There are 2 protein chains.
Amino acid sequence: MVSMKDIARQAGVSVCTVSLVFNGKTGNRVSERMVRRVLATAKELGYEPNSVARTLRMRRSHVLGFITDEIATTPYAGAIMLGAQDAARRLGYILLVVSTGNDRELEREQIATLRSHQVDGYLYALMYHRRVPLPAELRDAPTVVVDGEDEDGQAPSLYPDERLIGRDATARLIAAGCRRIVYFGSETHILAQDERLEGYRQALDEADIGFDPALVVNATENVNAGERAGHMLDELKPDGVFCFNDVRAPAVYEAAQARGLRVGSDLAVIGVDNQPFIASVLRPALTTVELPHYDMGFLGVLRVVSMIDGPDAVQGVLPDHGALVEAGGEGAVGASAVSSDVSAAAGALGSDGALSVGLRCRIVDKESVPPVLP
Amino acid sequence: MVSMKDIARQAGVSVCTVSLVFNGKTGNRVSERMVRRVLATAKELGYEPNSVARTLRMRRSHVLGFITDEIATTPYAGAIMLGAQDAARRLGYILLVVSTGNDRELEREQIATLRSHQVDGYLYALMYHRRVPLPAELRDAPTVVVDGEDEDGQAPSLYPDERLIGRDATARLIAAGCRRIVYFGSETHILAQDERLEGYRQALDEADIGFDPALVVNATENVNAGERAGHMLDELKPDGVFCFNDVRAPAVYEAAQARGLRVGSDLAVIGVDNQPFIASVLRPALTTVELPHYDMGFLGVLRVVSMIDGPDAVQGVLPDHGALVEAGGEGAVGASAVSSDVSAAAGALGSDGALSVGLRCRIVDKESVPPVLP
DNA sequence: CTGAAAGCGCTTACAG
DNA sequence: CTGAAAGCGCTTACAG
């Protein structure tokens with residue numbers, strides 16, 4: 001392995017000069033000529049910097065610990081990691097990834113390993129949105145919670161705005177002319193269920209349709225979703241269905257088909273998740289709200305790096321593709337046309353100072369909801 | 001941060017002794033009393049070893065580079081990483097994860113970053129089985145290709161045995177009494193297509209049914225799969241369909257339903273992938289071959305660590321859950337009841353010396369194929 | 001049975 | 001404008 005010492009010897013300078021050159025701290029310190037000679041020698045010898053030595057000396061590793069409860073439980077949850085990696089790369093960081101399988105003991109052990117590798121900060125990523133206590137070991141280190149919320153509100157958290165999901169999805173059905181909309185929800189008590197229901201209710205209120213508790217039907221996938229969907233169509237005669245998630249949609253489709261109802265005209269259906277193997281496989285293709293996994297990963301890294309290196313370090317770094325609503329408004333162009341959510345999440349631009357950000361998600365229009373009425 | 005120096009001072013011994021204690025090299029070198037005193041002091045001060053310093057000194061990081069083309073493109077491909085992580089943890093390793101988006105330049109850059117962090121070896125993971133050239137930068141380092149094959153046959157590779165998938169799936173249909181089996185394949189020319197077709201053919205030959213090219217129907221999902229499935233049922237009148245993958249199954253189900261055929265009795269259907277959102281959502285649930293993503297990740301790490309530390313280092317470490325066929329045979333018990341594939345893959349036990357291993361995959365019996373005839 | 005010393009590859013005050 | 005030296009936290013050959 002070629003070290004700075006080798007370059008120094010070969011180029012006839014001191015190690016110090018070599019180091020200065022590689023750190024661009026040549027100011028009025030190292031002559032142009034020297035810089036060129038050092039660089040040429042380095043190239044000639046095939047020098048590659050040793051991050052480990054640098055880390056030891058600087059007490060800064062430019063490595064982030066990425067902790068997940070269990071990756072790959074849901075398709076596309078890996079997108080969080082992809083987003084995190086893209087952001088990390090652009091900021092000169094890299095990810096050390098561990099998963100804990102929701103085992104507290106294992107988690108403690110893995111965090112200790114990360115610490116021993118001198119990571120500069122942590123992403124604590126959950127595989128679905130919920131409130132969790134932040135592990136005590138992460139309390140005093142730069143940490144951002146992704147697709148979840150720190151129960152104690154200490155650590156900045158990034159997650160989908162579930163209420164807005166419910167509101168936007170329902171409003172989309174209303175805009176298509178629906179007036180009798182069923183909320184087809186989940187029987188298990190999870191955070192998203194309550195908040196999406198609340199958003200549903202809000203949209204109905206805003207449209208002066210009003211909330212009717214009889215139109216809330218909950219079901220459990222693979223247990224009674226089919227049966228419930230049938231009853232729901234028979235007894236409630238809805239013109240639109242807001243499914244808590246895409247997984248519930250096939251049951252609705254089937255029930256509709258069995259009753260001669262055509263999804264997309266007789267019955268509008270909207271889901272949440274944009275699961276590739278559901279939303280695109282169903283006929284007609286399912287209109288659905290996409291969760292911003294990629295963005296949460298990307299912004300999570302932005303946020304934690306801004307905690308480590310300061311807000312200036314992440315200026316101008318933004319996800320090039322993602323599932324967020326652009327909130328820049330009419331006439332906004334280029335870099336300024338990004339969601340205020342994004343800015344706040346990144347912690348780079350002046351936000352309202354909130355630590356945690358619920359991100360507004362995008363509706364992916366396919367075929368199961370008629371066009372917006374004029 | 002507490003260092004060995006602090007412990008040494010506090011305990012009144014030398015740093016050397018402390019190091020020896022933590023490395024268990026106390027032989028007849030450090031007295032029992034000293035060991036206890038050092039350990040107690042370490043605990044008292046909250047000492048944690050510094051892997052970075054250790055890495056610099058030892059030139060061994062116990063970090064593996066995990067390189068993926070694009071994670072999370074397919075659901076459950078993240079399982080590769082989960083398996084890799086489980087194995088890594090059990091062997092005292094941890095993963096530095098990068099993804100390349102199939103961009104050669106980015107890949108080169110990311111590998112350089114990994115090298116600068118002094119990783120001991122690499123996993124080169126693909127998101128579906130194909131043959132690729134191993135990046136030149138990885139040629140001389142311990143590297144294992146996962147869910148793919150090194151074109152040049154240099155690096156050990158782990159991948160599903162596609163031919164066996166085709167043979168086992170087809171044999172399963174035959175065992176259920178099918179005699180007129182369609183291969184419902186892919187129009188895009190990928191490795192798995194050809195090999196699964198070959199396995200299909202082999203199973204037919206072995207059952208003395210014989211191969212009929214007219215029974216091979218290829219289609220492209222989301223384009224003509226529905227239409228082809230219909231034609232196929234109308235014109236070929238099959239009693240079984242082997243789908244190249246699960247994604248093709250819904251089209252077959254729909255076509256069957258439209259013709260009053262009941263899947264699971266009138267028509268047997270088997271897929272490949274065990275995609276959670278297809279195989280379990282379809283009614284009847286889809287019998288399918290599961291790809292061993294978790295195992296490939298796990299065994300990939302085993303293999304690369306055995307290249308780094310020698311075969312002894314990975315002895316006895318095996319995945320506790322996975323999708324491989326247990327080939328230990330009758331009467332085999334405990335640790336010996338593991339697939340020879342696994343052993344060979346791990347490189348821990350005497351294999352035939354083959355670098356690369358095609359893993360035999362498990363059929364997950366659900367409802368779309370009738371029981372095996374007596 | 002134990003310690004003093006060198007060195008892994010880097011950065012940075014300090015001296016010139 | 002440049003170099004010699006110390007030190008980040010560890011391990012290990014060497015000397016006692």
Side-chain angles (χ1 to χ4, degrees), chain A residues 1-39 41-42 45-63 92 112-120, chain B residues 1-39 41-42 45-63 92 112-120:
Chain A
M1 165 188 284
V2 182
S3 74
M4 287 190 175
K5 211 193 317 192
D6 301 314
I7 300 175
R9 192 183 314 123
Q10 178 92 353
V13 298
S14 75
V15 181
C16 158
T17 301
V18 178
S19 173
L20 259 13
V21 168
F22 275 101
N23 290 294
K25 297 187 180 170
T26 50
N28 43 3
R29 184 98 168 66
V30 185
S31 66
E32 264 299 303
R33 211 174 118 266
M34 275 288 114
V35 172
R36 263 195 293 276
R37 190 182 332 160
V38 167
L39 259 20
T41 313
L45 298 181
Y47 171 74
E48 294 193 316
N50 183 327
S51 300
V52 172
R54 187 169 220 270
T55 297
L56 180 60
R57 176 63 229 237
M58 304 282 279
R59 298 160 156 282
R60 289 272 282 97
S61 61
H62 290 268
V63 176
T113 302
L114 291 174
R115 210 166 36 231
S116 119
H117 283 277
Q118 312 292 112
V119 298
D120 295 329
Chain B
M1 164 188 282
V2 182
S3 74
M4 286 190 175
K5 211 197 310 196
D6 301 313
I7 301 175
R9 193 183 314 125
Q10 177 90 356
V13 299
S14 75
V15 182
C16 157
T17 302
V18 177
S19 173
L20 259 16
V21 168
F22 275 100
N23 290 295
K25 298 187 178 169
T26 50
N28 44 2
R29 183 99 168 65
V30 185
S31 66
E32 265 298 303
R33 212 176 117 267
M34 276 287 114
V35 172
R36 263 196 293 276
R37 196 193 316 170
V38 167
L39 258 21
T41 311
L45 298 182
Y47 171 74
E48 295 193 316
N50 183 326
S51 300
V52 172
R54 188 171 218 269
T55 296
L56 180 60
R57 177 63 229 238
M58 304 283 279
R59 298 158 157 284
R60 288 273 283 96
S61 62
H62 290 268
V63 176
T113 302
L114 291 174
R115 210 167 37 229
S116 119
H117 283 277
Q118 313 290 114
V119 298
D120 295 329

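Proteins come first, then strands; the chains are lettered A, B, ... in the order of their sequence lines, and each starts at number 1. Because the structure is predicted, anything quoted here is derived from the model rather than measured. The basis for the numbers below is simple: all heavy atoms, side chains too, and nothing from hydrogens, waters or symmetry mates.
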Given [options], which nucleotide is nearest the side-chain atoms of [X]?
X       : options               : result
A:Met58 : C:dT12, D:dC8, D:dT11 : C:dT12
B:Arg54 : D:dC10, C:dG3, C:dG9  : D:dC10
B:Cys16 : C:dT11, D:dC8, D:dT12 : D:dT12

I need the [atom1]-[atom2] distance between [X] and [N], as an integer number of Å.
X       : N      : atom1 : atom2 : value
B:Tyr47 : D:dG9  : OH    : C1'   : 8 Å
A:Ile7  : C:dC10 : CD1   : C1'   : 12 Å
A:Arg57 : C:dG9  : CZ    : C1'   : 11 Å
B:Leu56 : D:dT12 : CG    : P     : 13 Å
B:Lys5  : D:dG9  : NZ    : P     : 7 Å
A:Arg59 : C:dT11 : CZ    : C1'   : 13 Å
B:Glu32 : C:dC1  : CD    : C1'   : 13 Å
A:Arg60 : C:dC10 : CZ    : C1'   : 15 Å

Does C:dT11 have its OP1 or OP2 closer than 4.0 Å to a side-chain nitrogen or oxygen of A:Asn23? yes
Side-chain N,O (B:Thr17) to OP1/OP2 (C:dC1) below 4.0 Å: no
Just checking A:Val52: base, sugar-phosphate only, or nothing, at a heavy-atom cut-off of under 4.0 Å? nothing
Please classify the nucleic acid contact of A:Ser3 as base, sugar-phosphate, or nothing, using heavy-atom distances under 4.0 Å. sugar-phosphate
Quick check on DNA chain D: between A:Gly12 and B:Met4, whose nearest nucleotide comes earlier from the 5' end? A:Gly12
Under the side-chain hydrogen bond (donor to acceptor under 3.5 Å, both in side chains) test, which residues partner B:Asn50, sequence neighbours left out? none
Can you find a heavy atom in the side chain of A:Arg59 that is under 4.5 Å from one in the side chain of B:Val52? no
For residues B:Gln118 and B:Val63, determine if any side-chain heavy atom of one lies less than 4.5 Å from a side-chain heavy atom of the other. no
Counting N and O atoms only, with roles assigned by atom type, does the side chain of B:Thr17 sit under 3.5 Å from a partner on the main chain of B:Val13, one being a donor and the other an acceptor? no
Do B:Thr41 side-chain atoms and B:Arg37 backbone N/O form a donor-acceptor pair below 3.5 Å? yes
Who passes side chain to side chain contact (heavy atoms under 4.5 Å, CB included) against B:Ser116, sequence neighbours left out? A:Ser51
So, taking the atom named NE2 in A:His117 and the one named NE2 in B:His62, what distance separates them when rounded to the nearest 0.5 Å? 9.0 Å
In terms of the nearest nucleotide of DNA chain C, which residue is placed more toward the 5' end: B:Met34 or B:Ala53? B:Met34
Base-pair string, DNA chain D, Watson-Crick plus G-U, cut-off 3.5 Å on both distances, | for inter-strand, is |||.||||||||.|||
